[in-house]
Amino acid sequence: MTAPTSTPPLIAACSQLRQAFERSGYDADGVLTMLGDDAHAALGRSEPVPVRNASWGSGVLGVLVRLFLLVDDCPESDVADAIAPLSVADAVAAGILHRSGSAVRTLLDIRPLDAGHGTRWIVSDPDGSMRLAETAADHVLGVGQASLSLLRGTPTSPVSTVLDVGTGCGVQAVHARGYAEQVTATDISPRSMDLAAATMAINGLEVELLHGSWFEPVAGRRFDRIVANPPFVVGRAEVQHSYRDSGLDLDGASALMIGQAPEHLAPGGTAAILASWVHVRGEDWRTRVASWLPAHGIDAWVVERDVADPALYVGTWMRDGGLDPRDPDAAAVAQSWLDHFAAADVEGIGFGFVYLRRTDTPTDLLAEELTHGFSDPLGNESIEYFARLAWLREHDILDSVLTLDPNTALERVYIPGDEGWAPVAVRVHRGNGPQWQHDIDELGAALLAGLRPDGLPVGELVELLAAAHDEDPEDLAAHAVTMMQGLVRHGLVRPAR
């Protein structure tokens with residue numbers, strides 16, 4: 001982070017706040033221990049009463065929880081003890097606290113988060129979940145569900161440089177400092193720049209913060225990894241809240257991010273991007289996303305995790321912006337939004353992850369729906385996916401010795417028939433990661449059964465299988481290559497050596 005000529009009061013106050021937090025145990029583990037599992041779960045559900053009850057009698061830690069997490073009015077004397085060595089007067093001057101009589105309340109949400117590298121404190125605007133508040137146009141979002149999804153979905157393999165586009169409160173940049181030597185973060189919002197700087201200061205982290213739109217502040221530069229949780233809300237070309245609205249029509253923000261990110265990736269560099277795309281009547285959403293990518297130089301893995309119908313989508317984001325759909329003015333906004341979707345033949349809005357890797361080969365895109373539940377994060381899986389894809393590009397399946405991944409299981413499905421159980425499906429299932437399933441046939445199952453770490457190449461296994469079942473070797477080989485390519489891509493089968 002480039003130091004200004006004179007340190008702003010908020011930045012100057014951050015180091016003292018950190019001393020207070022460390023002294024009181026206001027960290028991820030400390031808050032969980034103090035609240036207990038039930039009250040901590042209530043905190044995640046935005047239910048203040050159980051959290052408030054659990055915080056009483058916990059000294060300065062309880063005061064800090066009520067102050068910064070519940071946005072309660074707290075006695076100034078209690079707050080003075082809790083935030084020392086920072087004084088209440090200096091906290092007010094820095095824009096951290098607001099004084100009203102003998103009580104103070106916070107103007108900022110400052111919460112501990114452990115994303116895998118120990119506690120970090122994230123500075124943002126209060127979101128109204130614990131205390132009703134109007135959402136300002138330049139509201140800086142804190143650690144929401146989208147942020148957490150990207151944290152879990154970002155690769156953490158060590159790299160030299162990372163770019164965080166649309167950093168907001170800086171949470172992704174903070175996470176990146178755990179695995180990168182240098183981190184650059186951009187945002188078009190001046191307030192985001194201020195609060196991201198505060199986040200870095202309170203954590204003692206060096207991050208290059210650049211003000212500007214999208215990739216403009218890093219024109220001509222390339223990075224080993226790009227992460228982005230951009231303002232991807234799909235709607236009209238206007239901005240009501242800068243943290244979610246891009247000013248681009250429909251899914252234009254995602255198109256811009258996905259289309260321009262490759263230009264800023266170093267050779268072999270990767271990107272992890274949260275994105276949305278519209279499902280247009282009569283079109284395949286995969287074709288739409290594919291049109292945003294260059295024809296050469298990118299491996300892309302696109303994962304659709306959810307699809308919302310237009311009415312649900314509009315209602316969700318209306319409430320997010322603090323609008324009551326029962327209010328006539330809000331209802332008019334909803335009607336205009338839905339009319340815009342109808343005019344564009346939008347049937348649904350998809351949401352998910354876009355993973356990119358810079359290559360020197362023709363672009364390869366796999367876009368798939370993974371809407372089923374699974375708990376393993378996708379970030380490091382994406383790095384493994386790209387490695388498997390590179391292996392496929394460099395090797396001939398028929399000449400290769402392959403083996404089953406230990407997490408691969410064979411399933412056979414039967415239904416009642418006239419003569420007992422009748423087989424209807426044969427599939428292999430990966431028991432970890434995204435838990436992919438592939439339907440195969442009995443010959444495919446027999447071929448997989450022959451895979452051994454010290455066994456024969458696939459081509460020789462195919463010849464033996466064709467002879468045993470009186471099949472055409474060339475036809476069976478073509479079928480085997482197609483099947484194995486899919487299974488290797490998804491990690492159910494892997495190279496033996």
Side-chain angles (χ1 to χ4, degrees), residues 286 299-304 355 364-378 380-417 419-497:
R286 299 168 183 83
D299 288 337
W301 180 34
V302 180
V303 179
E304 184 172 79
Y355 294 103
D364 182 290
L365 167 66
L366 173 63
E368 57 186 346
E369 300 168 357
L370 290 178
T371 56
H372 60 274
F374 57 86
S375 58
D376 289 352
L378 291 178
N380 291 333
E381 179 71 39
S382 71
I383 300 299
E384 295 172 6
Y385 169 80
F386 289 135
R388 296 191 294 262
L389 184 56
W391 184 92
L392 284 169
R393 192 175 281 133
E394 298 166 2
H395 294 82
D396 187 309
I397 288 287
L398 296 177
D399 293 336
S400 301
V401 177
L402 303 178
T403 187
L404 290 169
D405 185 89
N407 294 291
T408 299
L410 177 70
E411 300 177 78
R412 284 188 168 88
V413 179
Y414 299 81
I415 62 173
E419 299 180 2
W421 292 106
V424 294
V426 181
R427 65 174 63 103
V428 282
H429 173 265
R430 181 172 154 187
N432 65 346
Q435 299 185 5
W436 282 290
Q437 293 186 2
H438 283 242
D439 287 329
I440 59 175
D441 56 21
E442 288 294 350
L443 283 177
L447 179 59
L448 293 178
L451 299 182
R452 297 288 188 274
D454 56 352
L456 298 173
V458 172
E460 294 184 29
L461 292 174
V462 167
E463 291 177 2
L464 294 174
L465 192 63
H469 293 270
D470 196 24
E471 296 283 340
D472 180 87
E474 292 187 3
D475 290 344
L476 189 57
H479 172 74
V481 168
T482 300
M483 180 184 75
M484 291 297 187
Q485 285 175 337
L487 295 176
V488 170
R489 272 183 185 257
H490 282 163
L492 287 84
V493 170
R494 61 188 187 186
R497 52 182 180 269

| request: Please report the C-alpha distance between Leu487 and Val428 in whole Å, then the side-chain angles of each, then the deciding distance to 0.1 Å, and finally whether the side chain to side chain contact (heavy atoms under 4.5 Å, CB included) criterion is met. | output: CA-CA 9 Å; Leu487 295 176; Val428 282; 3.8 Å; yes
| CA sep, side-chain torsions, deciding dist, call: Trp301, Tyr355, ring pair (Phe, Tyr, Trp, His ring centres under 6.0 Å) | CA-CA 5 Å; Trp301 180 34; Tyr355 294 103; 5.5 Å; yes
| query | Will you find, in the side chains of Glu471 and His479, an N or O donor that is under 3.5 Å from an N or O acceptor? | reply |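 His479 and Glu471 do not have a side-chain donor-acceptor pair below 3.5 Å.
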| request: Check the pair Leu410, Val426 against side chain to side chain contact (heavy atoms under 4.5 Å, CB included), reporting the backbone distance first and the verdict last. | output: CA-CA 8 Å; Leu410 177 70; Val426 181; 3.8 Å; yes
| query | Is there a donor-acceptor pair closer than 3.5 Å between any side-chain N or O of Arg430 and the backbone N or O of His490? | reply |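 Checked: pair present.
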| query | When you measure from the side chain of His372 to the backbone N and O of Pro434, does any donor-acceptor pair fall under 3.5 Å? | reply |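 Judged by distance alone, yes, a pair lies under 3.5 Å.
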Contact between [X] and [Y] at the side-chain level, heavy atoms closer than 4.5 Å - yes or no?
X: Ile440; Y: Leu447; result: no
X: Tyr414; Y: Val424; result: no
X: Arg286; Y: Leu365; result: no
X: Leu465; Y: Leu443; result: yes
X: Asp454; Y: Thr403; result: no
X: Glu304; Y: Glu369; result: yes

Closest non-hydrogen atom pair, [X] against [Y]:
X: Phe386; Y: Ala300; value: CE2-N, 4.2 Å
X: Val462; Y: Leu476; value: O-CD2, 3.8 Å
X: Pro473; Y: Ala466; value: CA-CB, 3.9 Å
X: Val458; Y: Ile397; value: CB-O, 3.4 Å
X: Ser400; Y: His395; value: OG-CB, 4.0 Å
X: Asp364; Y: Arg393; value: CB-NH2, 3.8 Å

How many angstroms lie between atom [atom1] of [X] and atom [atom2] of [Y], to the nearest 0.5 angstrom?
X: His429; Y: Asp439; atom1: NE2; atom2: CG; value: 12.0 Å
X: Gln485; Y: Met483; atom1: CD; atom2: CE; value: 11.0 Å
X: Glu460; Y: Asp399; atom1: CD; atom2: CG; value: 9.0 Å
X: Asp299; Y: Leu366; atom1: CG; atom2: CG; value: 10.5 Å
X: Leu451; Y: Thr408; atom1: CG; atom2: OG1; value: 10.0 Å
X: Leu402; Y: Leu448; atom1: CG; atom2: CG; value: 9.5 Å

Presence of salt bridge, [Y] and [X], under 4.0 angstrom:
X: Glu442; Y: Arg412; answer: yes
X: Glu384; Y: Arg494; answer: no
X: Asp441; Y: Arg427; answer: no

| task | List the steps, then state whether salt bridge (Lys or Arg N to Asp or Glu O under 4.0 Å) holds for Glu381 with Arg388. | result | CA-CA 10 Å; Glu381 179 71 39; Arg388 296 191 294 262; 2.8 Å; yes
| Verdict with supporting geometry, Asp396 and Val481, side chain to side chain contact (heavy atoms under 4.5 Å, CB included) | CA-CA 9 Å; Asp396 187 309; Val481 168; 5.7 Å; no
| query | Does atom CD of Glu394 have more than 12 heavy-atom neighbours, drawn from other residues, nucleotides or ligands, at distances under 6.0 Å? | reply |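 Atom CD in Glu394 is crowded, with more than 12 foreign heavy atoms closer than 6.0 Å.
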